[in-house]
Amino acid sequence: MSAAALVLRGLSKEYAKGKPVLHGISLEISDRGITAIIGPSGTGKSTLIRCINRLVEPTAGEVIFGGQDIAKLDRKALRLARRQIGMVFQEYNLVERLTVMENLLSGRLGYVSPLRAWLRRYPPADIERAFALLENVGLASYANQRADSLSGGQRQRVGIARAIMQEPRLLLADEPTSSLDPKTSVEIMSLMRELCTERAIPVMVNMHDVELAKRFADRIVGMSDGSVVYDGAPGGLSDEVLKAIYGGEDWIA
Amino acid sequence: MNAAATGVREWRRFTAGQRVARFSVYLVLVAAIVASARAVEIIPEFLYDAPEQMQDLFVRMWPIAFYHYPEGVHAALVETLHIASLGTILAVLMALPIGTAAAHNVVPNRVVNYFAKLLLVSSRSVNSLVWALLFVAVFGPGALAGTLAIAFRSIGFVGKLVGEALEEAQTGPIEALAAAGAPWPSVISKGYWPQVEPAFWSILLFRWDINVRESAVLGLVGAGGIGMALDTALNLFQWPRVAMVLVAIFAVVVIAEISVTQIRKRIL
Amino acid sequence: MNGDPARVAAKALTHPAAVAPSAFPANWWARAGWIALAAYVVYATSRLDFTWTRFVVGLDQGARFIGRMLPPRIAQPDTLVKGLTESLEIAILASSLGILVSLPVGLFAARNLMPAWVTWPARALIAMCRSFHPVIVAILFVKAVGFGALAGILALSVASVGFIGKLFADAIEEISLKQVEAVRATGAPFLSVVGYGVMPQVFSRFTGFATYQLDSNLRNSTMVGIVGAGGIGGTLFAAFQRFDYDFVCAILLSIIGMIMAGEVLASWVRSVFLERGKVDEE
């Protein structure tokens, strides 16, 4: 294990007072490999991911990334931290009415002045990299198509490419395959693993599909009721552990 | 994408044709704005003076002459509401047949459609103040001219939207009724009407809301309502009374808008 | 009540209506509503002193009126051209000023992007601008800045801010926040979030509002002259007061011509800006 890319200490979130969704989560994410968070719906996986780049404000705790506590940053510093954290969403969250190319370039928005962004005057290096990435994700001929004309799998490819465009030091993925069919899900996960391994980007991904998590993750964190109940290798996910995470046993084949 | 030719790939948001079209729009817009700004007669002293003059105006309006409401404003305000409501009702009575005639799926006759659309366009092209001037010339000053002005201006609006709602009606239920041998009044009342009814009420309320605002100014050309009270107060330079009338108009407009929103929420 | 099937059946035979409910139950609320409406029409008509004789006299008057309008005659061609040009200038300047101001105001009024202390004043401003008819606002500006085009420009700008500001704010409140969230997550500065997360979602509608407002300002710019705020309206009003009805007719026809030309222009602007957005036209 090498140095930690991200350290969470006692991270809590309460949407309503006295009803915590996350109970003091502490985790270390190493600077390599895929960490999958699994657990039943409503257990706070999504909240956990969103607390890291503060799309959701944590109630208490520390989020140490790049030597600073994200939870304490002011708006400007938060923006600079977010530039280094890519994010992939369950429903892709592409800007529907912009072209694929514009969506990819939006990954550079943290680095380009608003005026240049409005005028679409991106540095040539960014454009070159965007074209290269489009080839990597197999969408080279789609650059000028609008995002809303793509299929689900294609959209998620654009979503991943957009996140990689940021040249992030951490990639967060919130249920990236939940809206996709099983075959496309595997393709998307392979693509994500391939792109991130090449660039040495650590990945933190929420999943509800245990088999898919076992197949792609280097490490699995099992959550139940806002707490971590399992943390270890995919091989250690015994029926007992799964029961502790999801409760009940009828569903285990 | 001429990657091989230049080595560096270029990306442009628009095709050449789109860029030319956009550029020409911008060019025309900027040229129009510059030309207008240069040509229009604005006396600079008046412009610099404006904030001070506005302030002076508001100072003279204070205190608002609330005591003036019972004898000078209330009746005119009620008359305004009557003008708006009766005008809307009258407009709907005329707009329903014309709007229906304009919908090509209900009346499959091009000549009738075009004629109906021509009527609707003429109604909309003439401002309600102009309609008011015309009707004042015909029927003399008073609420009758105002009501007709509101009605004639609204025909185009209501008729156009009703016609469009009818054209968007689904053909399934209508074909079913026609196949069952229903006569056309039944096709209209059981096939089309239920489909356009929500849109109809929504259009009606929307137009009534607009008409409340519009009927407030008709009095300036003698067509009845609170505009008459405003005109009188303005001509006599009774600023506190002007302020009272403005407050009354503001209140009625806000109440009308709130009630329309509430009714829409309830029934739609 | 009692479960004897035979008796229920017998009752159904003798009183069919009592057992089988009508397929179309009478809607008493709706009927009461229609009666109330009819009663209101009768009451209001009597209050406003509409009488049949007045109507018939009016029709007679109307026939003579139309007779005097035809044929249209351009009594003062210079005044007509000058008035129309000034109306056009007022409309263009008021629209540009109004659109420029309503962009930030509408954005500030969007409750899904802005905190309450920002939306509240913005919404109050919009409500103020919307409440008064442009002609009333024009009266106030005429008193403040004197007769002429400036008062008209200011009055129509106020109206534009009210109209576009409200629709723009409503449009922004309906956008998908997921797209905004994604752009925000890249660390984009606020203006870029607006440019990428918000504007693409509302731009086609905004263009629609803006061109509609240009159209509407053109119509109203021909009217503000009635109260002395510049444009053709003053000429029209004067012609009415001189009973110069053939000139009135000529002015009205040229106003309609100008408005129709404006509609053609507006639809050209829409087609240029919305060609990428054809599929998402509501």
Side-chain angles (χ1 to χ4, degrees), chain B residues 14 18 21-22 24-25 28-29 32-33 35-37 39-43 46-47 49-51 53-54 56-57 78-79 82-83 85-86 89 121-122 125-127 129-130 133-140 142-144 146-147 213-214 216-217 220-221 224 227 230 234 246 249-250 253-254 257, chain C residues 37 40-41 44-45 47-50 54-55 57-59 61-62 65 85-86 88-90 92-93 96 127-128 130-133 135-136 139-141 143-146 148-150 153-154 219-220 222-223 226-227 230 233 236-237 240 243 245 248 252 255-256 259-260 268-269 272-273 275-276:
Chain B
F14 301 108
Q18 285 172 326
R22 279 182 177 240
S24 45
V25 167
V28 169
L29 287 182
I33 292 170
S36 303
V40 80
E41 281 168 25
I42 294 178
I43 302 166
F46 281 12
L47 187 59
D49 213 20
Q53 293 292 334
M54 284 301 275
D56 185 50
L57 192 65
V78 172
E79 190 174 72
H82 285 326
I83 291 175
S85 310
L86 277 184
I89 294 169
V121 169
S122 335
S125 302
V126 179
N127 195 292
L129 271 170
V130 175
L133 282 168
L134 294 174
F135 284 117
V136 167
V138 172
F139 292 101
L144 178 60
T147 309
R213 281 160 221 255
E214 300 231 312
V217 293
L220 295 171
V221 296
L230 181 65
L234 279 168
L246 292 180
I249 294 176
F250 183 73
V253 165
V254 169
E257 183 167 343
Chain C
L37 190 68
Y40 168 76
V41 170
T45 314
R47 285 305 300 269
L48 296 187
D49 197 24
F50 297 169
R54 230 183 125 186
F55 190 70
V57 170
L59 286 186
Q61 182 93 12
F65 178 73
T85 319
E86 194 170 54
L88 187 63
E89 290 160 1
I90 291 174
I92 289 172
L93 290 174
S96 1
M128 285 295 289
R130 266 164 52 78
S131 296
F132 293 108
H133 194 280
V135 172
I136 293 184
I139 295 177
L140 297 180
F141 278 116
K143 300 294 169 189
V145 303
L150 179 60
I153 295 169
L154 293 175
R219 287 159 200 265
N220 280 324
T222 61
M223 287 302 111
I226 290 178
V227 295
L236 178 69
F237 197 40
F240 256 108
F243 307 107
Y245 291 134
V248 164
L252 287 181
I255 288 178
I256 293 174
I259 289 171
M260 299 226 165
W268 172 61
V269 171
V272 167
F273 278 102
E275 55 200 343
R276 293 198 310 166

Can you say whether B/Thr147 sits under 4.5 Å from chain C via the side chain, the backbone, both, or neither, judging by heavy atoms?
side chain

Check whether C/Ile136 gets within reach of chain B through its side chain, its backbone, both or neither, counting any heavy atom under 4.5 Å.
both

Short side-chain to backbone donor-acceptor contact, B/Arg213 and C/Arg130, under 3.5 Å
yes

Any side-chain heavy atom of B/Leu134 sitting closer than 4.5 Å to one from C/Phe240?
yes

What residues form a side-chain contact (heavy atoms from CB on, under 4.5 Å) with C/Leu154, not counting sequence neighbours?
C/Phe141, C/Val145, C/Leu150

With chain B as the partner, which of C/Leu93, C/Ile256, C/Thr45 has the greatest number of non-hydrogen pairs under 4.5 Å?
C/Leu93

Does any heavy atom of chain B fall under 4.5 Å from the side chain of C/Thr85, the backbone, both, or neither of them?
neither

Contacts of B/Glu214 that satisfy side-chain contact (heavy atoms from CB on, under 4.5 Å) - sequence neighbours left out:
B/Ser128, B/Ile150, B/Arg153, B/Arg207, B/Ile210, C/His133

Nearest heavy-atom contact between C/Lys143 and B/Leu234 is CE-CD2, 3.9 Å

Which atoms of B/Leu246 come close to chain C, meaning under 4.5 Å heavy atom to heavy atom: side chain ones, backbone ones, both, or neither?
both

Can you tell which of C/Ile139, C/Leu88, C/Ile259, C/Leu236 has the highest number of heavy-atom pairs within less than 4.5 Å of chain B?
C/Ile139

Most contacts with chain B, counted as non-hydrogen pairs under 4.5 angstrom, among C/Met260, C/Glu86, C/Arg219, C/Met128
C/Arg219

Proximity breakdown for B/Val138 and chain C, heavy-atom pairs closer than 4.5 Å:
both

B/Leu144, part contacting chain C, at a heavy-atom distance under 4.5 Å:
both

Per-residue tally against chain C (heavy atom, under 4.5 Å) across B/Ser122, B/Ala143, B/Pro51 peaks at B/Ala143

Relative to chain C, which segment of B/Leu57 carries a heavy atom at a distance below 4.5 Å: side chain, backbone, both, or neither?
side chain

Closest contact, heavy atoms only, C/Ala127 versus B/Phe250
O-CE1, 4.5 Å

C/Phe237 pairs by side chain to side chain contact (heavy atoms under 4.5 Å, CB included) with which of B/Leu220, B/Val221, B/Leu129, B/Val130?
B/Val221

Heavy-atom pairs under 4.5 Å with chain B: which of C/Leu252, C/Leu59, C/Thr222, C/Val57 has the most?
C/Leu252

Considering only heavy atoms, which portion of C/Val227 lies under 4.5 Å from any heavy atom of chain B: side chain, backbone, both, or neither?
side chain

Counting only heavy atoms closer than 4.5 Å, note whether C/Ile255 contacts chain B via side chain, backbone, both or neither.
neither

Look at B/Ile33, B/Val253, B/Leu86 and state which one has the largest set of heavy-atom pairs under 4.5 Å with chain C.
B/Leu86

If I measure from the heavy atoms of chain C, does B/Val78 come under 4.5 Å with its side chain, its backbone, both, or neither?
neither

Where B/Val40 and C/Glu89 come nearest, the two heavy atoms and their spacing
CA-OE1, 3.4 Å

Is the shortest heavy-atom distance from the side chain of B/Leu133 to the side chain of C/Val248 under 4.5 Å?
no

Which atoms of B/Val136 come close to chain C, meaning under 4.5 Å heavy atom to heavy atom: side chain ones, backbone ones, both, or neither?
neither

Residue among C/Ile153, C/Leu37, C/Leu140 with most heavy-atom pairs under 4.5 Å to chain B:
C/Leu140

Considering only heavy atoms and a distance below 4.5 Å, find which of C/Tyr40, C/Tyr245, C/Phe65 pairs most often with chain B.
C/Tyr40

Given heavy-atom pairs under 4.5 angstrom as the criterion, report whether the side chain, backbone, both or neither of C/Phe243 touches chain B.
neither

How close do B/Val254 and C/Ser131 get, counting heavy atoms only, and between which atoms?
CG2-OG, 4.3 Å

Could you check which of B/Gly227, B/Ala39, B/Gly224 has the highest count of heavy-atom pairs closer than 4.5 Å to chain C?
B/Ala39

